[in-house]
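Worksheet: the structure to be examined is printed underneath.
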Amino acid sequence: MDKSADPCVDFYRFACGGWMRNNPIPPDESRWSVYGKLARENQRFLWGILDALAKRTAGRSAAQQKIGDYFAACMDEAAVELSGGRPLKPYLDRIYRMKSKGDLPEVLAGLHLVTGDGGAFFGFGSNQDYADATQVIAFAGSGGLGLPDRDFYTKDDDRSRELRARYAAHITRMFGLLGDPPGAAGREAAKVLEIETGLARASLTRTQRRDPYQLFHKTDAKGLKALTPGFDWDVYLKTAGLPGLNAFNVTEPEFFKELDRQWRSLALGDIKTYLRWHAVHATAPFLSSAFVDEDFDFFGKTLYGVPEPRPRWKRCVALVDAQLGEALGEEYVSRAFSAELKQKTLHMTKQIEQAMHDELVALEWMSAATREKALEKLRAIVNKIGYPDKWRDYGSLEIRRDDFFGNVARAKLFESRRRLAKIGKPLDRGEWSMTPPTVNAYYDPHMNDINFAAGVLQPPLYDPKMDDAPNYGNTGATIGHELTHGFDDEGRHFNARGNLKDWWTEKDAKEFNARAQCIVDQYAQYTIVDEIRINSRLTEGEDIADLGGLVLAWLAWKAETTGARPESRDGFTPEQRFFVGYAQWACENNRPEDQRARALTDPHSAGRYRVNGLVVNMPEFERAFSCKAGQPMVRENRCRVW
C-alpha cells in the first residue's frame, strides 16, 4: 500500500502504490501485475514438476511420459539449434509444389491443421450453434492477419504507420532467413502487407464483434460456396477430415466475399508468398534462435516494449501447458488444490448467486416477464471450480524425446482434429477452455457456466489464512464479475440454455442500455497512455461485470457475516479491508508500448480504472473511508446496472 495517498483522492494508489513501487516490470515481460506474478509462481511450480518428470525414464504413467519427454525435447536447445529452419521445409515444399490456384484448398487445409485456426487467409473450427447450443457446428471466420488486430492496419496516425513499416521490415528479414535475396524479400513483404491490409479492412472491428448477432450467419454448403465460388470447399473439407459437411456459421460473410476477390485477382506467386510468410510466422518460436530472436524482436520488443525474451524454461513450461494442459493440470491439481478449497469456493459462489437472485427480485426497472427469464438463466448456470471432472485423453498423441518441432506439430494436429471431431457430435458440457494451472476465470455464454481454474484460487488472490473481508473483496468480486457476464451487454443476449435468443421486453432492453450507457460514458473519459482514451464500447462488458461483481461480493460478504462482528485489523475496519482486498488484485505496471497495443485489443480497462472507476459508484466505499462530496473518489451521478 501507499498510505501517504488519500484513499478518497486516488484509491488505486492508496491500495497499490507500494506494490507498484516494489514490483518493477521484469525484463522479459511487457507488463507486471499481481495476476502475472502469481502466474510466474505457478509456472515455477510447474517447472519443478516437469523437470523431475523429464529426468525420470522409468515409473512414469503414460501422461507423465508425454509431458516429461515433451519438456525434455523442448529444453534441448542444442538439438533445436542444430536443426535450424529445416523442420519448416515440408511446409514450404508443399507450398512450392502448388501448380495452380486450384491447389490452394488442399494446401490451406493442411496448413490450418498444423498451425491452428485463424492462420492463413481465414479461420476454420467448431463451436456451439448460436441458435441451438446443444449442437456443435463448423465455424468459418475472419483471419489471415499477422498483426494482433485489424485496427493496426487501418489506423492512419504517425505511430501506426511507423509500426507497419517496422512490421514490413520484420517480414523482409524473415524471408531472408528462408534464403530469399534482400530485394526479393522486400517486395514479398510489401505484397504480404498489401494482402493483409485488404483482409483487415474487410474484417469487423473488435467492438462490432461484441454483438453476437453480427457473428451469426448460418448457412449450408451451397451458401458457403456462393460466398467464394473460386474456392473448392469440398477439397478443403475432405483434407480437413470433414467430407459432406452441410451446416456452417460464417461469422463475417463480407470478409469471405473479399477473400474471393483476392483469390481471383492475386497471382499464384503472390498467394505462395503469403502462405510462406504465415508458415514461418506460425512456427518461428519453435525453430532455431535466428528465427526465435527475429520473431521476438518485432512481436516482443517493438510491439509490446519487452527488452528481453523469456528464458527457455518459461517458454517450454508454457508450451506444455498450452499443448498438454490437462495432463500437466492433473499433476498440478494433485499437489496444489484441495477438496476443502473447492468447497470454500463453491460456498462463496452460491452466496454470490443468492445475492444476484435477491437483486433481480428487487430490481425496480425490470418487468416481471424479463425477471422470470433472468432468474431462469441464473438457476441454470453451472459452476466449474478447479479442474474438469474428466481428464482429456492424449493416448493417440505421439511425443518423442528427440523431436521438439515434431512434438509441437503433432500436438497442434491432435488439437485441431479433436476440435473438428466435435462437429455433429453431442455437446460435452463438462469441457473446459482453460487449463487448471491458469491464473484466470471465465464465463461462457453458450455453455452458461462459470469456470474458475485452480491456478487463480491461490494466495495472494484467495488466501485461506486471511479473513472473509479481503477474500470476498478479491475472489468474491471475481466470482461476481464472471456471473455478471451472463447479464452484460453481450451475455444478456443468450438465454438459460445458451441460445442466442431475445428474452427481453423492448422497455427492459432500453432500461438496460440506458444504465450501461452511463458506464460507457464514464470510462470514455479515462486516458490510458499519451492521448489514447479507453475504447469504452470495447470494454463495456468487462466494466459492467467489474461493477456488478463488486456489488454482489459486498452483498454476499454482508450476508456471510450477518450476526458476526468482524474485527478491525492492521488499522483498517472490515469494510475498508473489503475494498483494499478488491483493489489489490488489480495492482500492475505497464510499458507504454503494451498500453498502446492493449488500447486496441484488450476488452479490459487498465487496472487503475478497474479500481477507481468502480469505487466512485459505490456509496459503501464513500462511507467506509468517510469521503466527502467533491473528492475525486465520490461521483455525484453514480452508475449502476445490476
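Here the structure is a predicted model, which means the values were calculated and not measured. Just the heavy atoms: all of them, side chains too, but no hydrogens, waters or symmetry mates, feed the values below.
- A donor-acceptor pair shorter than 3.5 Å cannot be found between the side chains of Asn451 and Glu482.
- Remark: Lys3 is not positioned above the aromatic ring of Phe14, lacking an NZ or CZ atom under 6.0 angstrom from the ring centre and at most 45 degrees off the axis.
- Salt bridge status for Glu540 with Arg537: present, with a side-chain N to carboxylate O gap under 4.0 Å.
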Open item on the list: Using salt bridge (Lys or Arg N to Asp or Glu O under 4.0 Å), reason through Arg623 and Glu575 one step at a time and then give a plain yes or no.
Closed with: CA-CA 9 Å; Arg623 290 193 292 271; Glu575 288 75 15; over 6 Å; no

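- Exactly one of Lys377, Lys384, Arg497 qualifies for a salt bridge (Lys or Arg N to Asp or Glu O under 4.0 Å) with Asp449. That residue is Lys384.
- Aromatic ring centres of Tyr332 and Phe337: separated by at least 6.0 Å.
- Salt bridge annotation for Arg492-Asp488: absent, with no cationic side-chain nitrogen under 4.0 angstrom from a carboxylate oxygen.
- Taking the six-membered ring for Trp and thresholds of 30 and 60 degrees, Tyr130 and Phe139 have ring planes inclined between 30 and 60 degrees apart.
- Minimum interatomic distance between Thr527 and Asp530 (heavy atoms only, all atoms of both residues): CG2-O, 3.4 Å.
- Taking the six-membered ring wherever Trp is involved, the centroid distance between the rings of Tyr472 and Tyr582 does not fall below 6.0 Å.
- A distance-only check finds a donor-acceptor pair linking the side chain of Gln208 to the backbone of Thr205 [under 3.5 Å].
- Ring centroids of Trp642 and Trp365 are separated by less than 6.0 Å, placing the two rings close together.
- For Tyr526 and Tyr523, the gap between ring centers is short of 6.0 Å.
- Using cut-offs of 30° and 60° on the angle between ring planes, the pair His485 and His481 is perpendicular.
- Taking the six-membered ring for Trp and the full ring otherwise, the centers of Trp503 and Phe494 sit at least 6.0 Å from each other.
- The two residues Pro148 and Tyr304 have their closest heavy-atom pair at CG-OH, 3.9 Å.
- Nearest heavy atom pair, residue Gly146 against residue Phe299, reads O-CE2, 3.4 Å.
- A cation-pi geometry, defined here as NZ or CZ lying under 6.0 Å from the six-membered ring centre and within 45° of its normal, holds between Lys342 and Tyr387.
- The pair Arg635-Glu622 fails the salt-bridge criterion, with no side-chain N (NZ, NE, NH1 or NH2) lying under 4.0 Å from an Asp/Glu carboxylate O.
- For Lys37 and Asn23, the side-chain atoms include at least one donor-acceptor pair closer than 3.5 Å.
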